[in-house]
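To find a chain, count down the sequence lines: A is the first, B the second, and so on, and within it residues start at 1. Since the model is a prediction, treat every value here as computed from it, not as a measurement.
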Amino acid sequence: MPELPEVETIANGVHARARGQQVLSVWFSRYPQPFLTRPARMARALTGLSIQQVRRIGKHIVVDLGAGKNPSSPSIQWIVHLGMTGRLLYCEATAPVATHTHARLELDSGHELRFVDARRFGRLDLIDLSCEPSFSGPGTEPLTIDSVAFAALFHGRRTPIKSALLNQSLLHGVGNIYADESLFHAGIRPLRHASSLTRAELERLRLSLQKVLRAAIALGGSSVSDYVDANGIRGFFQLEHCVYLRTGKPCRLCGSPIQRILVAARGTHYCNKCQK
DNA sequence: CATTTCACCTGGTGGC
DNA sequence: TGCCACCAGGTGAAAT
């Protein structure tokens, strides 16, 4: 599932290849689920504008579009959330169209930007910058948050720390994989109440989370189900996972079997010996 | 308000 | 081989 490192990889890939290109035409599938903004309105707004910048905010891909090709004064933002199985692909316009393709943006270079999503948990939205503020995401960026702000997020929260990490209105971009992996590296059990963490544990968690996210970005993300980047290339960070989907396998640090429990209705993996 | 639960989806898996 | 029940999980709405 695409989380911060996967979304960042995709956004960077699309930026590198699609920046400066004009949208010639737009096609959307008939399914209503992926569209927060009505498809006809979204197509009308996108057509004719140029892609100025593509970046990640939380788990969202933000595409700035405007009349000029340079990254200045965009007039709209196209917001892509990949959900569970979403892909944003940059390909030849003549490439075969995969099943579950929900959006095709024809670009002036003969390429297309395609949104493909089998499970339809993804969402497409439009922000009109002439009357709406620029997209800022639901929470705080985990990669740049400082220790004081990080600790403040969890102060007084009775919920398990794993649940708090998944709460996008606190930190945005962290999902099931990186919540489990960062808790392992910090040596903290997922069911601990967020408010019970000491200052030292919170700081260990922040540093572990940032380290894991940066390492995953460097390896192009984790390909556990069907994640691929904008060019259809798989990531490699799944090879570095210590706990996620390693139920029963030996802990990489101590050798004891990795446990699996449910937290917030999500499969949660941890080492009973290394995490306290 | 904080927190938990559930519905939304379909491909993949495992049992028979 | 084929059929089918079941599960995964990001998010937001509904329930507690």
List the residues meeting side chain to side chain donor-acceptor pair (under 3.5 Å) with Arg119(A), not counting sequence neighbours, and say none if there are none. none

According to salt bridge (Lys or Arg N to Asp or Glu O under 4.0 Å), who are the partners of Glu112(A), at least two apart in sequence or on a separate chain? Arg104(A), Arg114(A)

Protein N or O to nucleotides 1-4 of chain B N or O, pairs below 3.5 Å:
unit_1, atom_1, unit_2, atom_2, d
dT3(B), OP1, Arg158(A), N, 2.6
dT3(B), OP2, Arg157(A), NH1, 3.0
dT4(B), OP2, Thr159(A), OG1, 2.7

Residues passing the side-chain contact (heavy atoms from CB on, under 4.5 Å) test with Ser147(A), sequence neighbours excluded, are Glu203(A), Arg206(A)

Listed by chain and number, what are the side-chain contact (heavy atoms from CB on, under 4.5 Å) partners of His15(A), not counting sequence neighbours? Arg19(A), Gln53(A), Val54(A)

Sequence neighbours excluded, every pair satisfying side chain to side chain donor-acceptor pair (under 3.5 Å) that has a member inside residues 254-263 of chain A: none

Report, one line per pair, each donor and acceptor closer than 3.5 Å where one atom sits in a side chain of residues 56-68 of chain A; sequence neighbours left out.
unit_1, atom_1, unit_2, atom_2, d
Arg56(A), NE, Glu8(A), OE1, 2.7
Arg56(A), NH1, Gly58(A), O, 3.0
Arg56(A), NH1, Glu141(A), OE1, 3.1
Arg56(A), NH1, Glu141(A), OE2, 3.2
Arg56(A), NH2, Glu8(A), OE1, 3.3
Arg56(A), NH2, Glu141(A), OE1, 2.9
Lys59(A), NZ, Val174(A), O, 3.3
Asp64(A), OD1, Gln77(A), NE2, 2.9
Asp64(A), OD2, Arg55(A), NH1, 2.7

Which residues pass the salt bridge (Lys or Arg N to Asp or Glu O under 4.0 Å) test with Glu106(A), not counting sequence neighbours? none

For each nucleotide in nucleotides 9-16 of chain C, reading 5' to 3', give B when a protein heavy atom comes within less than 4.0 Å of its base, S when such contact involves only the sugar-phosphate, and - otherwise. BBB-----

